[in-house]
*Asks:* 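Dropping a structure here in structure tokens format, bear with me for questions.
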Amino acid sequence: MSMNVINFQDANCAHCYKCLRNCDVKAIRIKNGQAQIVRDLCIYCGHCMEICPQQAKTFDSDLDYVKHMLKHGEKLVVSLDSSYSGLIQSNCPGKVVDALYQLGFSDVRETAEGAAYVTREYVRILNEGRMENIITTQCPSIVYLVEKHYPMLIPCLAPVVSPMIAHGRLIKKEMGQHTKVVYIGPCVAKKMEAEADRATMGAVDAVIEFNELEKWLEEEGIDLNKCEERAFSNPDPKINRLYTISTGLLRAVDACGAKSKYTYMTVSTIQGCRELLHSMKRGYLHGVFVELKLCSGGCVNGPGVNKRRGFRFKALMNIENSTSMEPCPLPDDMDEKELTRSYTPKQVVEKMPSEEEIRAILKTIGKSNSDTEFNCGACGYMSCREKAIAIYQGKAEAAMCLIRSYENARSQASVVLENIPSIVLIVDHEFRILEFNKKAEEVFGTTRREAIRNYLFDYIDTAEFEEVYNTHEPKFHLKKKWPYYNMTVLETIVYVENSDRILAVIEDVTAEETREEKQMEQKLNSIRMAQAVIDKQMMTAQKIAELLGETTAETKATLTQLRDYVLEDE
């Protein structure tokens, strides 16, 4: 199998590991923080596509290929899975048929037509009673689960093709090998079965999901409710329509006259299927005919269905109510060889680390002893030990440990908070203290443990904080006096929108303020001294002026008298 049905978009993968947590066969590798498919382990169930919150997993679509074939006049026949009833929004199944003809398909038939032949093969195998246990194989993901993870149980897989493959071979046999068969259904793994599995490829040429079909109809402006009612080309497959729901296969073989010694069982969900396979592997089960379905409730709950609509139960009721519970008479136009398939063990035996190597890896991720192995499962592995083994095998990274990442981030944040020389405060919308660093402890004379039980207004005036919270406008380097603490501070207060909190970094500038005051006092003293000198100089000048004025007046009087005396003598 060289192709890959599910693709990951690296740009959208966000270190959440949700896909890995939900992958029971751990077919996902994390490399440089990005999720990658491990094809040797993947069973193509498509569950990682469903649960990815970033929609980073995509289905390798055949839709463009189908459109291309239609455009070039190819003869395309639809094999429509019975789960369409209720999953595709329509008042009448016949309108879906008409819509498919409008898209350009030459013929529209039900996959359940092929299921009728498969039922006949199961009845034959059951009546022969040669197999110790029989695992039904209509679900390709179950086949890959056994081939890759439980290869010792391959002899228990019924050597029968799925209804899709049987139907594809029937259509090509009747209409010519040049006919192109397009399967439309809810399953991702069907693409692998149709196009990449050597035991089954060639019967179906393309696979389209229901989600893709609905988008296609919307693009073409085809309203199902305005379509005509048209019948399928195939005869009524009757009870074989039930294959798409749980217990459907068992009811079909029972209605078709299977007389066997086997105990019938139905199991769905990957967890349930793995548990049963494990029990069978250990030899706990004998003489059972097991219908395994990987999707809970059957194909009506497959990954190619819009789960948000909740149509699963509607589809279940529609199928139950519209299906005849009678067996379907079959023409003898397909022999046992055409309905038989083989299986190949594909298990990958991964190298396992020694106990010493496991302990060394655990130590590198901060798990020095059993007390630090929390086994939280956040990374996707059930235990720290299992994660260490995955690291050894190149499927995981040390950074995936969320607890360790949190502790490291918390530790680094603590180092910053402990060593920053400013007060750092974080408060919520009620001004309850959430963060309180060492400098704050020193200034406010309390411990962080005690402070986070209190409110900010228990310590300081919160007027500026309230203004920032209400306006969302930050305040930078706002100088404030804290008389109670005999401090002058510069407050930087910002609103953190994502968490609806207030962050404040408050710098103690008391010493700087005191130094500036002293410098100002010194300047004022210098000015006062200079002014005193100036004043004294002015007084001295004034006195000199007064003395000079008196002397000048006396000299003038004397000289005047002398002049007058001289003039009188003459």
Side-chain angles (χ1 to χ4, degrees), residues 1-6 23-29 37-47 60 114 117-118 121-122 124-125 128 130-169 172 181 183 187-207 249 267 270 273-274 276-283 285 288-295 334-352 393 395:
M1 299 183 190
S2 58
M3 69 180 297
N4 200 9
V5 171
I6 303 170
C23 182
D24 282 78
V25 295
K26 294 296 177 276
I28 293 174
R29 174 192 299 113
I37 292 286
V38 182
R39 289 190 295 170
D40 291 339
L41 301 176
C42 184
I43 60 175
Y44 307 102
C45 63
H47 291 166
D60 189 9
Y117 292 91
V118 172
E121 283 302 296
Y122 279 127
R124 180 184 62 79
I125 292 172
E128 286 178 355
R130 294 177 183 175
M131 299 175 68
E132 180 181 1
N133 295 311
I134 303 174
I135 301 172
T136 64
T137 56
Q138 61 171 321
C139 176
S141 288
I142 293 296
V143 173
Y144 303 139
L145 179 63
V146 173
E147 287 184 331
K148 294 182 177 183
H149 300 276
Y150 299 90
M152 70 294 299
L153 296 180
I154 285 179
C156 297
L157 286 173
V160 184
V161 296
S162 70
M164 181 190 75
I165 298 302
H167 199 216
R169 289 176 179 174
K172 288 179 179 287
V181 179
Y183 171 82
C187 185
V188 170
K190 287 293 186 184
K191 183 174 173 64
M192 290 298 298
E193 181 185 23
E195 303 173 32
D197 193 328
R198 292 181 180 178
T200 52
M201 61 192 301
V204 174
D205 299 280
V207 173
L249 186 151
V267 179
I270 186 171
C273 291
R274 290 197 70 186
L276 181 133
L277 293 173
H278 191 70
S279 296
M280 193 175 288
K281 171 185 172 182
R282 295 177 73 91
L285 300 176
V288 295
F289 178 63
V290 187
E291 178 188 16
L292 295 185
K293 283 184 166 63
L294 209 69
C295 297
M334 289 193 78
D335 57 32
E336 180 182 333
K337 182 179 179 181
E338 294 173 297
L339 298 170
T340 301
R341 65 158 298 172
S342 60
Y343 305 98
T344 304
K346 299 183 177 72
Q347 186 177 32
V348 175
V349 179
E350 298 180 287
K351 186 179 179 182
M352 293 295 291
Q393 294 170 343
K395 295 190 295 183

*Asks:* Is there a donor-acceptor pair under 3.5 Å between the side chain of Tyr144 and the backbone N or O of Glu193?
*Replies:*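 At least one qualifying donor-acceptor pair exists.
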*Asks:* With Ala203, which residues qualify under side-chain contact (heavy atoms from CB on, under 4.5 Å), at least two apart?
*Replies:* Ile165, Arg169
*Asks:* Are any side-chain N or O atoms of Asn133 and backbone N or O atoms of Leu285, one a donor and one an acceptor, separated by less than 3.5 Å?
*Replies:*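 Indeed, once roles are kept as given, a pair shorter than 3.5 Å links the two residues.
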*Asks:* Quick one: salt bridge (Lys or Arg N to Asp or Glu O under 4.0 Å) partners of Glu132, sequence neighbours excluded?
*Replies:* none
*Asks:* For Arg282, enumerate each residue passing the side-chain hydrogen bond (donor to acceptor under 3.5 Å, both in side chains) test, keeping only those at least two apart in sequence or located in another chain.
*Replies:*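 So Arg282 forms a side-chain hydrogen bond (donor to acceptor under 3.5 Å, both in side chains) with Tyr284.
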*Asks:* Kindly say whether Ala196 contributes a backbone atom to a donor-acceptor pair with the side chain of Lys191 at under 3.5 angstrom?
*Replies:* no
*Asks:* Test your reading of the model: is there a side-chain donor-acceptor pair from Lys148 to the backbone of Cys42, 3.5 Å cut-off?
*Replies:* yes
*Asks:* How far does OG1 of Thr136 sit from CG of Leu292, to the nearest 0.5 angstrom?
*Replies:*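 Here the interatomic distance stands at 5.5 Å.
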*Asks:* Would you name the heavy atoms of Gln138 and Pro163 that are closest together and state the gap between them?
*Replies:*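 Scanning both residues completely, I find the closest heavy atoms to be CB-CD, 3.8 Å.
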*Asks:* Name the residue from Lys281, Gln347, Arg274, His278 that meets the side chain to side chain donor-acceptor pair (under 3.5 Å) definition with Tyr150.
*Replies:*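 Per the side chain to side chain donor-acceptor pair (under 3.5 Å) rule, the option paired with Tyr150 is Arg274, out of Lys281, Gln347, Arg274, His278.
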*Asks:* Report the C-alpha distance between Lys190 and Ser162 in whole Å, list the side-chain angles of each, state the deciding distance to 0.1 Å, and finish with yes or no for side chain to side chain contact (heavy atoms under 4.5 Å, CB included).
*Replies:* CA-CA 10 Å; Lys190 287 293 186 184; Ser162 70; 3.6 Å; yes
*Asks:* Evaluate the side-chain proximity of Met352 to Gln393: yes if any heavy-atom separation is below 4.5 Å, no if none is.
*Replies:* yes
*Asks:* For Glu121 and Val118, indicate whether the former's side chain and the latter's backbone hold a donor-acceptor pair under 3.5 Å.
*Replies:*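 Here the side-chain-to-backbone pair does not exist.
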*Asks:* State which residues pass side-chain contact (heavy atoms from CB on, under 4.5 Å) with His149; sequence neighbours excluded, sorted by chain then number.
*Replies:* Val25, Leu41, Ile43, Leu145
*Asks:* Quick one: does Ser141's side chain get under 4.5 Å of Met192's, heavy atoms only?
*Replies:* no
*Asks:* Apply ring pair (Phe, Tyr, Trp, His ring centres under 6.0 Å) to Tyr122 and list each qualifying residue two or more places apart in sequence or on a separate chain.
*Replies:*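 Here the qualifying residues are Phe289.
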*Asks:* On a heavy-atom basis, which atom in Val204 and which in Gly168 lie closest, and how many Å separate them?
*Replies:* CG2-CA, 4.3 Å
*Asks:* Can you tell me if Glu147 uses its side chain to pair, donor with acceptor, with the backbone of Thr344 under 3.5 Å?
*Replies:* yes
*Asks:* Donor-acceptor check, side chain of Thr340 to backbone of Val160, threshold 3.5 angstrom: yes or no?
*Replies:* no
*Asks:* Please confirm whether the backbone N or O of Leu249 pairs with a side-chain atom of Glu291, one donor and one acceptor, at under 3.5 Å?
*Replies:* yes
*Asks:* Find the distance between SG (Cys187) and CE (Met164) and round it off to the nearest 0.5 Å.
*Replies:*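 Those atoms lie 8.0 Å apart.
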*Asks:* Sequence neighbours left out, what passes side-chain hydrogen bond (donor to acceptor under 3.5 Å, both in side chains) with Lys172? Give chain and number order.
*Replies:* Asp205
*Asks:* Distance check, rounded to the nearest 0.5 Å: Met152 atom CE versus Leu277 atom CG?
*Replies:*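 Separation between the atoms: 10.0 Å.
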*Asks:* Before you tell me yes or no, could you show the steps for Asp40 and Lys346 under side chain to side chain contact (heavy atoms under 4.5 Å, CB included), namely the whole-Å CA-CA distance, both residues' side-chain angles and the distance that decides it to 0.1 Å?
*Replies:* CA-CA 8 Å; Asp40 291 339; Lys346 299 183 177 72; over 6 Å; no
*Asks:* To the nearest 0.5 Å, what is the distance between CD1 on Ile28 and NZ on Lys26?
*Replies:* 8.5 Å
*Asks:* To the nearest 0.5 angstrom, please state how far the CG atom of Leu294 sits from the CD1 atom of Ile270.
*Replies:* 5.0 Å
*Asks:* Please report the C-alpha distance between Glu338 and Val161 in whole Å, then the side-chain angles of each, then the deciding distance to 0.1 Å, and finally whether the side chain to side chain contact (heavy atoms under 4.5 Å, CB included) criterion is met.
*Replies:* CA-CA 9 Å; Glu338 294 173 297; Val161 296; over 6 Å; no
*Asks:* Would Val290 and Ile134 count as a side chain to side chain contact (heavy atoms under 4.5 Å, CB included) here? Give the steps.
*Replies:* CA-CA 6 Å; Val290 187; Ile134 303 174; over 6 Å; no
*Asks:* Distance from Ile154 atom CD1 to Tyr343 atom OH, nearest 0.5 Å?
*Replies:* 9.5 Å
